[in-house]
Amino acid sequence: NKSVISMDLDLVGNRFITGGSNYTLNMYDFQGMNEKLKHFRSFHPYDGHPVTCLDFNNTGGNFLVCAAKSTVKIYTRDAVEVQETMKRDMYIRDMVHTKGHTEAVFDAHWNPMEKNLFLTASYEDTLRLWDLMSKHIGLDQNIMHNYVLKLKGKNTLKVPANTCCYSKDAKLIAGGAQNGGIHIWHNKSYFVNPDMLNLNAHSGTEVSSLCFSNDNNRLYSRGCDHTLKIWDIRKFASPLYSCEGLTNDFSRTQVSLSPDEKYVITGCSIVDPQHKAKTIGKLVFIDTTTFETVGQINVCQTAVIKAMWNSEINQILLGCGDGATRILYNPALSRKGIMQPISKKAKNSIEDHIEYERPVVTLYTVDQIKKNKPKVLRVSEMRADPKLSKKPEDPRKGRFVSNSLSGYIMTQIHKNKGVDMDPQEALLKFAEETKKNPEWVTPAYAKTQPNPVFDASEPTRDEIKYIESVKKSKCPKCGQKFCTCNKTLSIED
C-alpha cells in the first residue's frame, strides 16, 4: 500500500520498471505477462531507502536507480548491476573537489543523445554530470563525476536540488531547487553560473518536475505550491501561464507532454467537495496553445504522482499513492504495450483445484485424543490385542488354500517333503551308489588305465616356495607379500 513514486519505460515500449516507498523495484515485461499482470523480477536496490527515480538510457540496455542515497546504481535491463557512482568525502567542504555526492540523490536522467552520460540532482545543492566510460577509482572501481553544477539562492546561499532534466537534444540542462528556483545551463565544457535563473518560480516550495519542449523554447514545471507553470525560456522572468488549484502533496509529482505536444498532463489529489475527508486522485489535461484544462479523469482515491505519456505505444502510465500502477490506452490508437498481456489468458493452476482435508484437533474432545495417540501407545495396545497380534496362518494350508492355480501350487510344495531336508544329507544318500556304479570319471579310464595311479611324490622347490609365500602375511611397511625391505613378519610372529 506504499505509493509508487518512480517509473520508466524503455525505448521500444516492451519493458517498464516501477519503484516506491516500500524500497522495492519491480520489473514488468509486456510480452511475457498474461492477464494477471505480475512482475517477473522484484528486488531492493538499497535496503531501507525509497526508490525516488528510475530512468532507461536511449538504447534501453541500462537503467539507473536513485534511492535517496549519496550513490546511484546502474543496472542492465535484466537487473544485473553494472556500476555505482563514487561515494562522498565528508571531510571536504567544497563540493567541486569531492569525487561524488555527499547527500541524498533524488533525481537522475540519462543524456538523450549519449548512452553513457547521465545527470544527477542531490540535496547538497549540486547537479553532477557522469560518464560510465570514465576512469574507475578505488577498491570498488566506482566512477567519479566529470562536472559539477552548483545551485545558489539569494545572497549566494546554498540551495538543495530536488529535480533535474535534459532538453530533447541535450543542449540544455535544467535543475529545480527545493526553495522554488529554476536554474538552466547550456550544455558546454564549463559550468560556472547558470545562463538562466528564476529564484521565485514556485514561491518558495519544492519544484517536483521539469520538462522541455522539442524546440527548447518552452519549459513546463510542477511545484508543491499546487501550480503547473509554462515558461518561455527566452523571457524567463515570468511564466506564460500558471494553472492554479492542482493540489500537489508529493515532491515527486511529474509533468509530461503528449507525443504531439498538444497537451501537457500531470496528476493531482483534489479534496472531494461532498466528503471533505476523502480525496480524489485525478489526471489533468491542459492544452499547450490555449492553456485551458480540456479534461480530467478520476483515477483513484489517493494522489496521482507519476504520469508518463509514451510516444512509442501511445499509452499513459500512472503511479498512484495507493501502490497501484495504472495504464490508460485506446484500443483504436494505442499499439502493443498493455494490450498484449490483457489478451493472454492465464493458465489454470493445478493447486487451485486441490482441496486439502486436514483434521481439526480439539484438545477437549476425547475421540480426537484417541485417534491422535502417540505411536508407542498404539503399538503397545496392538500387541495386547489377541486379534491384531495373532501370528499369520501358513499360506500352504488353512483357509488361504483355494482351488485356484496358486492354491494348487502351494499344496504341491507342501506335499514335497524334500524341501525341508538338509542339502548335505540329500547328497550323502547318493555316495554309496556312486561308488558302486560310477558314471563320469572312472568309466572314462576303464580301458586305458583301469587301476588308478596317484602322484605321491614330494613337492618341488617352486611349489614349496609358492606355498610358503601364500602363508606369509603382508609386510607392515610396504603392504606386500613379496617384500624387499626384509621386514616381513611370519604368521607365528
Q | Pair listing, side-chain hydrogen bond (donor to acceptor under 3.5 Å, both in side chains) test, anchored in residues 159-173, at least two apart | A |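 Only Asp107-Thr163, Ser167-Asp169, Asp169-Asn216 qualify under side-chain hydrogen bond (donor to acceptor under 3.5 Å, both in side chains).
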Q | Qualifying side-chain hydrogen bond (donor to acceptor under 3.5 Å, both in side chains) pairs with a residue from residues 321-331, counting only residues at least two apart or across chains | A |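 Output for this query lists Asp322-Arg326.
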Q. How close do Cys53 and Ala108 get, heavy atom to heavy atom, and via which atoms?
A.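 Minimum heavy-atom contact is SG-O, 3.1 Å.
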For [X], enumerate each residue passing the side chain to side chain contact (heavy atoms under 4.5 Å, CB included) test, keeping only those at least two apart in sequence or located in another chain.
| X | value |
| --- | --- |
| Asp125 | Met95, Lys158 |
| Ser256 | Ile265, Trp309 |
| Asn193 | none |
| Asp260 | Ser258, Lys262 |

Which salt bridge (charged side-chain N to carboxylate O under 4.0 Å, His left out) pairs, counting each pair once, include a residue from [range], with sequence neighbours left out?
| range | result |
| --- | --- |
| residues 45-72 | none |
| residues 280-305 | none |
| residues 8-18 | Asp10-Arg77, Arg15-Asp29, Arg15-Asp78 |
| residues 191-216 | Lys188-Asp195 |

Q.
Between His101 and Thr85, does the side-chain hydrogen bond (donor to acceptor under 3.5 Å, both in side chains) criterion hold? Intermediate values first, please.
A. CA-CA 9 Å; His101 285 293; Thr85 59; over 6 Å; no
Q: State whether a side-chain donor-acceptor pair under 3.5 Å links Thr227 with Glu244.
A: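 Short answer, no.
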Q.
Does anything in residues 215-249 form a ring pair (Phe, Tyr, Trp, His ring centres under 6.0 Å)? List the pairs, not counting sequence neighbours.
A.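 Sorted pair list: Trp231-Phe236, Tyr241-Phe291.
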Q) Residues two or more places apart in sequence or in another chain: which of them pass side chain to side chain donor-acceptor pair (under 3.5 Å) with Glu312? A)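 If we apply the side chain to side chain donor-acceptor pair (under 3.5 Å) test to Glu312, skipping adjacent residues, there are no hits.
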Q) With distance as the sole test, does Thr288 use its side chain to make a donor-acceptor pair with the main-chain N or O of Glu261 at under 3.5 Å? A)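 Such a contact is found between Thr288 side chain and Glu261 backbone.
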Q. Taking Ser334 for the side chain and Pro331 for the main chain, is one N or O donor matched with an acceptor at less than 3.5 Å?
A.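 Side chain of Ser334 to backbone of Pro331, a donor-acceptor pair under 3.5 Å: no, none is there.
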Q. Is any side-chain heavy atom of Ile74 less than 4.5 Å from a side-chain heavy atom of Phe63?
A.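 No, their side chains stay 4.5 Å or more apart.
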Q: May I ask you to test the His136-Asn142 pair for a side-chain heavy-atom distance under 4.5 Å?
A: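 No - every pair of side-chain heavy atoms lies 4.5 Å or more apart.
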